[in-house]
Amino acid sequence: MRAQSSAIAPSRIAVGAAGTDPGGKSFGTVQAALGVVAFSLTFPATAWGLEGFGPWSLIAVRSILAAAVAGACLLVLRVAPPERRHWLGLAVVGAGVVLGFPLLTTLALQTSTTAHAAVVVGLLPLTTALRIGTRPSRTFWIAALAGAAAVIAFTVQQSGGALTSADAYLFAALLVCAAGYTEGGRLARVMPGWQVIGWALVLCLPVTVPMAAVALSYEPVQLTAHSVTGLLWVAIGSQFLGLVVWYRGMAAIGIPKASQLQLAQPLLTLVWSVLLLGEHLTVAAPLTAAAVLVCIAVTQRARG
């Protein structure tokens, strides 16, 4: 218990400082923004991964690789296990961001373009904000709704305005990810953010290891430069490092404001889709980007 207390204490001090020091809040914003950049590459990287892996194999292997990195860090730094009262919250994080969201979006990307899938990310900040207990200001909500509307209109227009069977996966992913984000942000106030996602990944190993064994025996694997690069990014970049800085950022600046930074994520995803996947981008992109950036600026200045 003493070891656990000593591990948690620095995090509490850091969070407290971030809550009162403008410099701490600025650094928290930078960390949350880095998380958004990492997440914006997830869909294109998943598309690359699906070139050589089946959806179930890709999800299971990426989680195991991320858990191996996280577990090694936990062992090397001799981090004591979390208190028992935190394990339920870690299970929610694991179910939401380790298993649920990656699996559902990967299944959707089998028949959906990355532009269409980005609708989920455009709605995620609002869904996340709705799950928290605080009441942001009216200005905050107006800017958030305007930004989300701009993102949704743009991404739906990019996909031709047609809804597909993948939408069921995408909307389900939206709900489970919002739960994982809010619970992870809460836990990041009492333990370092990297430990939150690290323990969640380790906690999921009893599910991901058997899943990988079964999936790899049924789904063919073709190792190519794209498939391996996509797998490594979604495992190390999105699943671990991206969530580390994201949870740290949420703990520093608060869940509502951090979640609004994700309004930029669909547009970043579309940029990566053009550069990495060769998808066509219309002239509406810069106009939507400008509108979203204005909304982000307003939400970051609005007082909850």
Side-chain angles (χ1 to χ4, degrees), residues 11 14-15 17-45 93 97 101 114 117-118 120-129 132 136 139-140 143-144 146-148 150-151 154-155 174 177-178 180-182 184-189 192-194 196-197 233-234 236-276 285-286 288-304:
S11 176
V15 171
T20 56
D21 176 44
K25 284 189 175 182
S26 297
F27 186 55
T29 301
V30 170
Q31 291 183 98
L34 288 175
V36 171
V37 173
F39 300 152
S40 71
L41 281 160
T42 300
F43 287 171
V93 174
V97 302
F101 186 79
T114 56
V120 171
V121 182
L123 290 172
L124 187 55
L126 286 180
T127 310
T128 303
I132 63 176
T139 301
F140 180 96
V151 169
F154 177 67
T155 52
L174 176 71
C177 191
Y181 276 177
T182 52
R186 184 189 67 80
L187 288 172
R189 293 183 176 274
W194 75 272
V196 174
I197 185 57
W233 178 259
V234 293
I236 310 302
S238 301
Q239 192 96 70
F240 184 60
L241 297 178
L243 285 169
V244 167
V245 293
W246 174 245
Y247 283 142
R248 285 176 61 88
M250 280 201 297
I253 65 177
I255 295 174
K257 289 187 177 181
S259 68
Q260 297 313 304
L261 290 174
Q262 283 194 303
L263 288 170
Q265 186 174 324
L267 301 176
L268 289 173
T269 297
L270 291 172
V271 171
W272 298 128
S273 298
V274 170
L275 297 177
L276 301 177
T288 309
V292 169
L293 289 175
V294 170
C295 293
I296 292 174
V298 172
T299 58
Q300 290 300 294
R301 287 168 173 76
R303 293 184 178 181

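What you see is a predicted model; the values in this text were computed from it and never measured.
- In this structure, F27 CZ and R248 CZ are separated by 6.0 Å, a value rounded to the nearest 0.5 Å.
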In residues 264-271, what donor-acceptor pairs under 3.5 Å come from side-chain atoms, sequence neighbours left out?
residue, atom, partner, partner atom, Å
Q265, OE1, Q262, NE2, 3.1
T269, OG1, S40, O, 3.0
T269, OG1, Q265, O, 3.0

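- When every heavy atom of T288 is checked against every heavy atom of A150, the shortest pair comes out as CG2-O, 3.6 Å.
- Taking the six-membered ring where the residue is Trp, Y247 and Y181 present perpendicular rings, their angle passing 60° and hence far from 30°.
- Across every non-hydrogen atom of A45 and V234, the tightest pair is CB-CG1, 3.7 Å.
- Minimum interatomic distance between G193 and A188 (heavy atoms only, all atoms of both residues): CA-CB, 4.4 Å.
- Among all heavy-atom pairs drawn from A38 and S238, the shortest one is O-OG, 3.6 Å.
- Separating the OG1 atom in T114 from the CG atom in L41 is a distance of 11.0 Å, to the nearest 0.5 Å.
- Residues forming a ring-ring contact (aromatic ring centres under 6.0 Å, His included) with F240 (at least two apart in sequence, or on another chain): none.
- The number of heavy-atom neighbours closer than 6.0 Å to CH2 of W272, taken from other residues, nucleotides and ligands shown, is 12 or below.
- Nearest heavy atoms, G28 versus I253: C-CG2, 3.9 Å.
- Separation of atoms OG1 (T42) and CD (Q239) is listed at 9.0 Å; rounding is to 0.5 Å.
- Residue Q31 holds its CD atom at 11.5 Å from CE of M250, rounded to the nearest 0.5 Å.
- Two residues are said to be in side-chain contact when any heavy atoms from C-beta on lie closer than 4.5 Å; F39 and L243 meet this criterion.
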Walk me through it: do V97 and I197 pass the test side chain to side chain contact (heavy atoms under 4.5 Å, CB included)?
CA-CA 9 Å; V97 302; I197 185 57; 4.2 Å; yes
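- Smallest separation of non-hydrogen atoms from A32 and W246: O-CE3, 3.5 Å.
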